[in-house]
Structure formats: C-alpha cells, structure tokens
Amino acid sequence: MEAMQIDVEKHLQRKQSLYQSLVCTVLGLEEGKECVIVGTLYKHMKLKPCILDEYSKEISVVLLVKPHNFMHSDDSLVLEDESGRVKLGGTVLLPSVYVTGIVVALHGKETSAGEFLVLDILDADLPPQIELPLKSREDKYVVFVSGLSLGSSACNPLQFQLLVDHITGQLGDEKEQGIAAQIVHVVISGNSVVVPRGLLWCTLLWKNLASKDQSSLSEPIKELDILLTQIAAGLPLDIMPGPDDPANFSLPQQPLHRCLFPGTSAYNSFRSCTNPHSFELENISFLGTSGQNVDDLEKYSEAKDKLEFMERTLRWRHLAPTAPNTLVS
C-alpha cells in the first residue's frame, strides 16, 4: 500500500509539473492547442430561482421545479478568470457534480465552437495530513447532536432527558456507562429550539405580545437551558446556532447570547459558538457547520447521500462554495 501511495504521489507531481508549463488565461486560448486554465466555476442553471421572477407577468400553471432540487439536463458550466470566461464542454466535467464557486484547474483545448473541451480536472484535493502518534489506545468520543427542536409539536421531553442521562452516564448497564465515561466533549450543532416565525417578527417590530405568546417564545429556550445545564455540569459543551434558532440567518451565524442560558452559563465548560465552528481537542482539529452548506449543495447538485457532499467540500477545500450565490452570507 505504501508503494502504491508513493507511485500515485509521483504521478501527481509529474502531472502538476507538466500542467505548470501549459497554464494560460481564458483570453489566451487558441483553437486546438492544449493548455491549462485556472479559475472559478459558474453553473448556469435553467431552473435556478431568481428574485426577478416574482415580478414576471407570465405565471406558469404547471409546477416545473421540485422544491428540494433545481437540477436540469440543460445545466452547463462556465469557467471564469481575471481575463474572461469560457463555456466548458466534454464528458469529464459533469454539471451534476459541481456548483458555482469552486476553484479548479482544467486541462483541455478550445474547440471551433468556442467552447473549452475538458480532458482532465485538477481539484485542490485533500491537503497533506498531519501524522499524529497514538499516545494511548484508550477510546475517546466527541458527541454531536442536532435538531433537538424543543418547542415543536413533535417534541418529546422524555427522549431528550434520556439523551442527557446517557451522555452523563446515568443510564444503561456497566458497559454503556463505561462508554459514556469516555465522552470528552459535546457539541450541539443547530436547530435546538423552534420559535414561531410570526412571533419572532413581532418582537423585531417592537410589538406588544400577549402573555401566552411570550410563553411560547421563552419556554423552549428555558427547557433547553435546563437540559444543557445537566450536561455542562460534567462535560465541556459547545452550542452552535442553526437556521431555526434565534440568531442571524446569514452565514457566519453569531453565537446565541449567553443570557438565553442563565443556568448553563454559570459553568466554565459551556461555550456559545459561531456557525461554522472550529475547535481543537488533543491536537486534533474539528471544523463543522449546522448543515446549511450541505443542504444548499443538495439543491444545486446531485450525490448519493449527504456524506458525499461533505467529502466534496473537503476535496474542493471549500466549506461553502455556493455562498454568497445561493447560500445567504
């Protein structure tokens, strides 16, 4: 395996050295001459929503777009650099895989139709990884939780209390308690509460709310504070905002104010963090979001599952390539 890895690295180095001698700009393309162009991809999408469509006089009776995906067979890719842009062709670069905002190097040649025929793609790919020696064989776990949605109609307080009891080692047999004892960090990554949008807008507009409405706003956050206090009493705890939480909507989202958690804030182990959020634990770096970047990729490209979208962001070395084009930031 090591020999194969060395061969792959040598092949990549030879390819990179060859490509460096072929690099040119979009403006410098010549028909039929192989070269390498470097720039940012733009994806032209026929079904991509446009704010101007709301003012269109023509109203379609038939719904043509699925609400969760805007892909179409006529979608195409364009590469843009500082000198200009060119439409991309060929079967190597699939519009269904790539989205707007990715920086790539493309090996190919210009055709008589004025398109750039792509023969090979060079993504940023994974950076060199830092080798970390295993100091001990003891397992340690970081718990990631999202979508608690306290305050929703489907919310079951018993389930959340069971989760807290499991994390804190107060549930299960000796084996399960042993696993819980190896948990070293907990991250709550978004959508912890459900706040009615109508009531939220009333507060932003400084309108007076009835006591019942005030309770609907505050009760989910109070319940969340009670649950988080039990975790923070024994473990380091980070909480990130999500799209449904009482925080700014655009990325990067700012931390939820500590005054929302009077009980949990009393512990030094509690941190209210941004989204995206990064931290380091025993020389291992963690970086993540509450999922808006992956959800947006799912709307404008295709993959077998969300894990593949996450892998692409690593290989592109771009956490949110669709921002600010379609992802609000």
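Because only heavy atoms are used, hydrogens play no part in the values below, and waters and symmetry mates are left out as well, while side chains stay in.
V104 is not connected to Y42 by any chain of hydrophobic side-chain contacts under 4.5 Å among Ile, Leu, Val, Met, Phe, Trp and Tyr, and they are in different clusters. Hydrophobic clustering, with ILVMFWY side chains joined whenever heavy atoms are under 4.5 angstrom apart, groups L281 together with M240. V78 and L117 fall into different hydrophobic clusters, where Ile, Leu, Val, Met, Phe, Trp and Tyr residues are linked whenever their side-chain heavy atoms come under 4.5 Å apart, directly or through other members. Cluster annotation: L163 is connected to V143 through the hydrophobic network of ILVMFWY side chains, with a link wherever side-chain heavy atoms come within less than 4.5 Å.
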Quiz: residues 85-97 side-chain donor-acceptor pairs under 3.5 angstrom, not counting sequence neighbours:
{"residue": "R85", "atom": "NE", "partner": "E80", "partner atom": "OE1", "Å": "3.3"}
{"residue": "R85", "atom": "NH2", "partner": "E80", "partner atom": "OE1", "Å": "2.7"}

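Taking the ring-ring contact (aromatic ring centres under 6.0 Å, His included) definition, one finds that F160 meets it with nothing, sequence neighbours left out. Here Y267 pairs with nothing under the ring-ring contact (aromatic ring centres under 6.0 Å, His included) rule; sequence neighbours left out.
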### Verdict with supporting geometry, F286 and V142, side-chain contact (heavy atoms from CB on, under 4.5 Å)
CA-CA 10 Å; F286 293 79; V142 177; 3.9 Å; yes
### Task
Decide side-chain hydrogen bond (donor to acceptor under 3.5 Å, both in side chains) for Q161 and D165; before the verdict, give the C-alpha distance in whole Å, the side-chain angles of both, and the deciding distance to 0.1 Å.
CA-CA 6 Å; Q161 189 59 54; D165 290 344; 3.1 Å; yes
### Task
Walk me through it: do Q253 and D245 pass the test side-chain hydrogen bond (donor to acceptor under 3.5 Å, both in side chains)?
CA-CA 10 Å; Q253 288 183 290; D245 290 321; over 6 Å; no
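Here CG of N156 is found 13.0 Å from OG of S149. Values are rounded to the nearest 0.5 Å.
A distance-only check finds no donor-acceptor pair linking the side chain of K299 to the backbone of T326 [under 3.5 Å]. Between the side chain of E34 and the backbone N or O of H107 there is no donor-acceptor pair closer than 3.5 Å. Using a distance-only test at 3.5 Å, with no hydrogens or angles considered, no donor-acceptor pair links the side chain of S269 to the main chain of L237. Checking side-chain atoms of D81 against main-chain N and O of T25 turns up no donor-acceptor pair under 3.5 Å. Side chain of S83 to backbone of L27: a donor-acceptor contact under 3.5 angstrom is found. Counting only distance, with no hydrogens or angles, the side chain of R317 and the backbone of D125 share a donor-acceptor pair below 3.5 Å. Although no hydrogens or angles enter the test, the distance criterion places a donor-acceptor pair under 3.5 Å between the side chain of T229 and the main chain of T264. A distance-only check finds a donor-acceptor pair linking the side chain of N69 to the backbone of E298 [under 3.5 Å]. Between the side chain of S272 and the main chain of L256, a donor-acceptor pair closer than 3.5 Å is present. A side-chain donor-acceptor contact under 3.5 Å links N275 to the backbone of S290.
Annotation for L126: hydrophobic cluster partners, listed by chain and number, are L314 (ILVMFWY side-chain heavy atoms under 4.5 Å, direct or chained).
Within the structure, the ring pair (Phe, Tyr, Trp, His ring centres under 6.0 Å) test picks out the following pairs touching residues 307-329 (sequence neighbours left out): Y98-W316. Residue pairs meeting the side-chain hydrogen bond (donor to acceptor under 3.5 Å, both in side chains) criterion with at least one member in residues 172-195, sequence neighbours excluded, are H185-D238.
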